[in-house]
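Some notes on the structure that comes next.
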Amino acid sequence: TSLYNSLIYGLCKVAREDEALGLLVGMRRSRCVPDAFTYNILIDHFFKVKRVNKALSFVCKMIQDGYFPNQVTFCTVINGLCNAGKLDKAWDCFQYMFRKGLQPDVFTYSSLIAGLCRSNRVREAFALFSQMEGRGCVPNVVTYNILICAFCRTGNMSMAFQMLDKMGIKSVKTDEVTCNTIVDGLCKSGDLASAHLLINKIIDEGMIPNVIAYSSMINGYCKLGKMDEAFKLYTSMEMIGISPNVVTYNMLIDTLCKEGKFNIALSILDEMKAKGLVPD
RNA sequence: UUCGAUCAUACUCCA
């Protein structure tokens, strides 16, 4: 069964769904029966390809087959419903979990929090975050990143920093995403100075900011019309060995065009092509 | 050891 599960998983990932379903039938001939893993894989797959009803039908099949949905199943379903914009259904499902005596785990809470954030219900997301802590479920770096991102997006940098502080207090290690999210938030709010400080701090700590952090900054300068600063960053990132990517070039070229500096834009485009990057 | 969370975070398109 494990082997079949691996195969079904792989086939779903490469969009060879019919073959995956074929194996679902075929596995029985090898005296293997589908288990909860098998169903979870298929449920997730159908949600990912936006076939919500098909996904739910596999939940039914799973139950008929004698497997009650487990934590992963619930998480998969809740996440799928959120991504399909059916937030209320997801919430119902969440409540249902409790009634069935299943505790949602970090993954499930994070899914729902992310769903709320995406629908701009950041306030509720934060309430749920507090709720999970109250229930003894420990938020991880992903949970924090989701909320930090949401606070940044809504311009609430003070809450974003509050969450960041809280990570420190609870000794949840920040990751690249955390850093990039904060840098981008600062840039979007026009506080390039703080963003710079943050980047420098990272470098001082012996870490290397990645291309996304730099691109956020470059974008920030572009939006402020400070192309000289943008280009300074562009050259300095190359000096420390970070290669600009297509997105970085898009930012520069886009603003150059909007400023009517087409010749410079074209020369940058050539520079980009010379590096083997393909314009998109 | 076979399943789930940041449509993982950056650009463009009054999307």
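So that the names make sense, note that chain A is the first sequence line, chain B the second, and so on, each numbered from 1.
Judged by distance alone, with hydrogens and angles left aside, Asn5(A) brings a side-chain donor or acceptor within reach of the base of rU2(B), the pair sitting under 3.5 Å.
In the set rG4(B), rU6(B), rA10(B), the nucleotide with an atom closest to the side chain of Ser216(A) is rA10(B). The side chain of Lys48(A) lies closest to rA5(B), out of rU2(B), rC3(B), rA5(B). Each of rU12(B), rA10(B), rC3(B) was ranked by its minimum atom distance to the side chain of Met251(A); first place goes to rA10(B). Distance from the side chain of Asp184(A) is smallest for rA10(B) among the nucleotides rU12(B), rG4(B), rA10(B). Distances from the side chain of Ala114(A) to the nucleotides rA10(B), rC7(B), rC3(B) place rC7(B) closest. Closest to the side chain of Asn180(A), from the set rU9(B), rG4(B), rU6(B), is rU9(B).
Ser111(A) comes within 4.0 angstrom of the backbone, heavy atoms only, and of no base. Heavy atoms of Asn70(A) sit nowhere under 4.0 angstrom from any nucleic acid atom. Among the protein residues, Thr76(A) comes within range of the sugar-phosphate backbone only, with heavy atoms under 4.0 Å from sugar or phosphate atoms but none that close to a base. At a threshold of 4.0 angstrom between heavy atoms, the contacts of Lys50(A) with the nucleic acid are absent. Residue contacts shown for Asn245(A) include a base, since a base heavy atom lies under 4.0 Å away. Within the 4.0 angstrom heavy-atom criterion, base atoms lie near Phe37(A).
Listed pair Lys258(A) / rC13(B) meets the phosphate criterion, a side-chain N or O lying under 4.0 Å from OP1 or OP2. Taking 4.0 angstrom as the limit, Tyr9(A) places none of its side-chain polar atoms (N or O) nearer than this to OP1 or OP2 of rU1(B). Side-chain nitrogen and oxygen atoms of Lys188(A) include at least one within less than 4.0 Å of the OP1 or OP2 phosphate oxygen of rC11(B).
Atom C1' of nucleotide rU6(B) and atom CE of Met132(A) are separated by 13 Å, given to the nearest angstrom. Atom-to-atom, CD1 of Ile212(A) to C1' of rC11(B) comes out at 11 Å; the value is rounded to the nearest Å. Rounded to a whole Å, the CG atom of Leu116(A) is 12 Å from the P atom of rC7(B). Distance Leu7(A) CG to rU2(B) P: 12 Å, rounded to the nearest Å. If you take CG of Leu224(A) and C1' of rC11(B), they are 15 Å apart, rounded to a whole angstrom. When the C1' atom of rC7(B) is taken as reference, atom CG of Leu81(A) falls 14 Å away, rounded to whole Å. Regarding Met227(A), its CE atom lies at a distance of 12 Å from the C1' atom of rC11(B), rounded to whole Å. Remark: C1' of rC11(B) and CG of Leu277(A) are 14 Å apart, rounded to the nearest angstrom.
rA15(B) and rC7(B) are spaced 16 Å apart, taking the C1' atom of each and rounding to whole Å. A gap of 15 Å separates the C1' atoms of rA10(B) and rU6(B), to the nearest Å.
With the nearest nucleotide of RNA chain B identified for both Thr108(A) and Asn83(A), Thr108(A) has the one nearer the 5' end.
Between Asp228(A) and Lys232(A) there is no salt bridge, since none of the side-chain N atoms of the basic residue sits less than 4.0 Å from a carboxylate O of the acidic one. The pair Lys226(A)-Glu229(A) does not meet the salt-bridge criterion, since no charged nitrogen lies less than 4.0 angstrom from a carboxylate oxygen.
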Evaluate the salt bridge (Lys or Arg N to Asp or Glu O under 4.0 Å) criterion for residues Glu17(A) and Lys54(A): first the C-alpha distance (whole Å), next the side-chain angles of each, then the deciding distance (0.1 Å), finally the verdict. CA-CA 12 Å; Glu17(A) 179 185 298; Lys54(A) 188 82 180 166; over 6 Å; no

Met227(A) vs Cys222(A), test: side chain to side chain contact (heavy atoms under 4.5 Å, CB included). Steps then yes/no. CA-CA 6 Å; Met227(A) 288 310 277; Cys222(A) 285; 3.8 Å; yes

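Atoms NE2 and CG, from His45(A) and Leu21(A) in turn, are 8.0 Å apart once rounded to the nearest 0.5 Å.
Phe74(A) and Tyr96(A) have tilted rings, their planes meeting at an angle from 30° to 60° on a 0 to 90° scale.
By the criterion of side-chain heavy atoms lying less than 4.5 angstrom apart, applied directly or through intervening Ile, Leu, Val, Met, Phe, Trp or Tyr residues, Ile212(A) is grouped together with Tyr234(A) in one hydrophobic cluster.
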